[in-house]
Structures are given as C-alpha cells and as structure tokens.
Amino acid sequence: MTVCEAPGKVYLFGEHAVVYGEPAVPAAIERRATVAAEPRDDDHVRVEAQDLSLDGFTVEYAGGTGDRPDVDVPRPLVEAAMGYVDAAVEQARDAADAPDAGFDITVESDIPLGAGLGSSAAVVVAGIDAATRALGEPLGRRELAERAYRAEYEVQDGQASRADTFCSTMGGAVRVEGDDCDPIDAPNLPFVVGFDGGAGDTGELVAGVRELRAEHEFAADTVESIGDLVRTGEDLLAEADADADPEPALLAELGELMDFNHGLLAALGVSARSLDAMVWAARDAGAHGAKLTGAGGGGCVVALDESDATETALSFTQGCEEAFRAELATEGVRVVD
Ligand code: PMV
C-alpha cells in the first residue's frame, strides 16, 4: 500500500483575475488530503472515502467511468469525489503505461470540500502520486503537477487554472501566470481561515465574472487592478526574509493588499453575505487584512493575524461554522511512511 498526502491552499492574492492571464499567489496550508493506493489483480477500482463531507462512502466498479453501482449517499458528493479519483487513476494509468491497472483506493481529507481551499486538487495530486508510486513509476514534481492539472481541467470542463494543483504539489507559496508556475520564497504567514460551511459554484462564478468583464470596461479594469495588486504583493514577498518570522510592517502591507483584493472581488460580484461578515469580523478583531479565498459565493475567508483574536472572533461570528489557524505547508505532496 502506498500512501501520499497533499496540502490544500489559500489564495493570498489573485483568484478570478488569474483566469484572464493575470498573476496569482496561492499558498499551501497544513490541511491535507491523504490517498492510499493498493494495486489489485484485476482492473477494478474500489474507492473508500471518509471525511470528504459528513458522509463517507465506498464504491467499487470495473475500470473507467460510467460503470458504477448505485450507492446510498448524496449523488452530487459521490459524483464530484468519484470524478476526481477517476481522473487521477486515469492519469496514473497513462503515466505508468498500465491502462488496465486496478486499485483499492482510500481517501481521507480534512480540507473543507469545494470551499476555496483546493480540496479537489489535493485529492488529485495525492491520488496520482500514490497510484504511480504503487505501480513503481513515481513522477517528477513538474510532471505530477501537470497531470493533476489535466485531471482537474477534465473534471471541471475546462474551468481550472494551474494554481491549485501546482501549489498542492510543490507546497509553500507559488506564483501562477498563465501556463507559467514557479515556487516563490515566502515567510511563514499567520493565516487564519473562517469557513461558512458552504460552497460556491465555481463554474457559475467564473462565468459571472466573464460576462461582467465582457460587458463593462470598468469590470475589465477591475480584473487588471487585481493583477497590479498581485505584482505589488509579490514584490513585498520577494523583499522579505523567508527564513525569519514576518516583520509587522510586512504583515500590515500584505494585509492592506488583501483587504483591497477582497473589495475588488466583491465588486466583481463573487463575495457573499457570510464571507463579508467573516472578513469584517476578522478586521474588527485586529487582523492585518482579510479576504475571501477561491471562487467565492460561499466557503472560506483567509485573514492574517499572529494573535488568537481573529480565530476567536470568527468562531463567534454568525455564519462562520469553523475557524482555524492554518500554517504554511512548506512541503507539498509527500509519501506517508
Ligand atoms: O475555489 P477554488 O479554490 O477552486 O479556486 C477557484 C479560483 C478561480 O480563479 C476562480 C478559478 C481558477 O481555476 O483559477
């Protein structure tokens, strides 16, 4: 049995604008998806998933999609999770030149699903890594990230940037601009996450921004402004000492940019009442800055605060289901002994 675990991520800056070629800076966080893969003697794939939501499930089917038995769990959840596991298995089969390889797969995750924390990317990255290693064909990180991107792209009908999968593979903070992805140095930022218990519809939200941008020049300008803001943030990170605790001045400046980024995302129509409430609760508690992370519409916000005040305030905020501190995951996907 081969077990790999990959981190989720927060967007420090740049979601949505990244779809139009602007840069974005996601950062991996110490919340991980764990995938165990055991090769089988036949071409079946048996998937057992726990903690992907409140319900776990087990399902077995013979190679490829479309041949699954009915299972007594919410269909959208099963379809979503199965889609990602399927796509990961297909990428592993292709990479290892083993089209008939079968697996027993177990998925566990402590990353809220579909909430802007890169849960699906983490499952895909850990899944491809575990399955290729189980077949004795481990991949280099760049190839793993590329294959994970292709898997997400396929499941999400082309609505995927490379940000989540690259960040989950590499760990730390990364920079994504179009097809160019690179790790960047960043100090261990004091991330605090607030989760409203829900999820936005990424496809719908991306389509909404696309329409606005096509219709109004000021919306297109807003997208460009997000790009300018990301470049300013990148410069700040580049000047910082990645091995030391972040200076208060750096946190203040990054926080200001996060606040600005949230405002621009809200202008593009992708925030939500619950997200705005959590952002304001974090700011009132003294956070350096706060913004939604990911597609928006519901899900998570990320704030910067080295004290416990923001986490405590969020946990008492109406609409916040869970608040937690999230360490920067300096290591990306890794094998679990
Ligand atoms: O919600 P997430 O973590 O899947 O992020 C979506 C980010 C978008 O920029 C809106 C879309 C994308 O694929 O980059």
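One-based numbering, in listed order, for ligands and for the atoms of each. FYI, side chains are in, hydrogens and waters are out, and symmetry mates aren't considered; it's all heavy atoms of this structure. Quick note: residue numbers are just sequence positions, from 1.
Val19 CG2, 4.0 Å is the protein heavy atom nearest to atom 11 (C) of ligand 1. Protein heavy atom nearest atom 12 (C) of ligand 1, with residue, atom name and distance: Ser161 OG, 3.5 Å. Closest to atom 1 (O) of ligand 1, if we only count protein heavy atoms, is Ala295 N, 2.9 Å.
The part of Asp164 lying near ligand 1 is the side chain, judged by heavy-atom distances below 4.0 Å.
Residues Asp129 and Arg133 are paired through a salt bridge, judged by an N-O separation under 4.0 Å between the basic side chain and the carboxylate. Between Arg46 and Glu48 there is a salt bridge, since a side-chain N of the basic residue sits under 4.0 Å from a carboxylate O of the acidic one. Between Glu38 and Arg40 no salt bridge is recorded (no basic side-chain N to carboxylate O distance below 4.0 Å). Of the charged side-chain nitrogens involved, none lies within less than 4.0 Å of a carboxylate oxygen, so that Arg32 and Glu108 do not count as a salt-bridged pair.
Distances from atom 10 (C) of ligand 1 to the heavy atoms of Lys9, His16, Glu22 show the closest one on His16.
Those atoms of ligand 1 that come under 4.0 Å of a heavy atom in Glu15, given as number and element, are 9 (O). Less than 4.0 angstrom separates some heavy atom of Val18 from each of these atoms of ligand 1: 9 (O), 14 (O). Those atoms of ligand 1 with a heavy atom of Tyr11 less than 4.0 angstrom away are 5 (O), 7 (C), 14 (O).
Heavy-atom separations between Ala163 and ligand 1 are all 4.0 Å or longer.
Counting heavy atoms from C-beta on, the side chains of His16 and Ile226 never come closer than 4.5 Å.
Looking at Tyr84 and Gln156, their side chains do bring a donor and an acceptor atom within 3.5 Å of each other. Checking Glu256 against His288 by side-chain atom types alone, no donor-acceptor pair falls below 3.5 Å.
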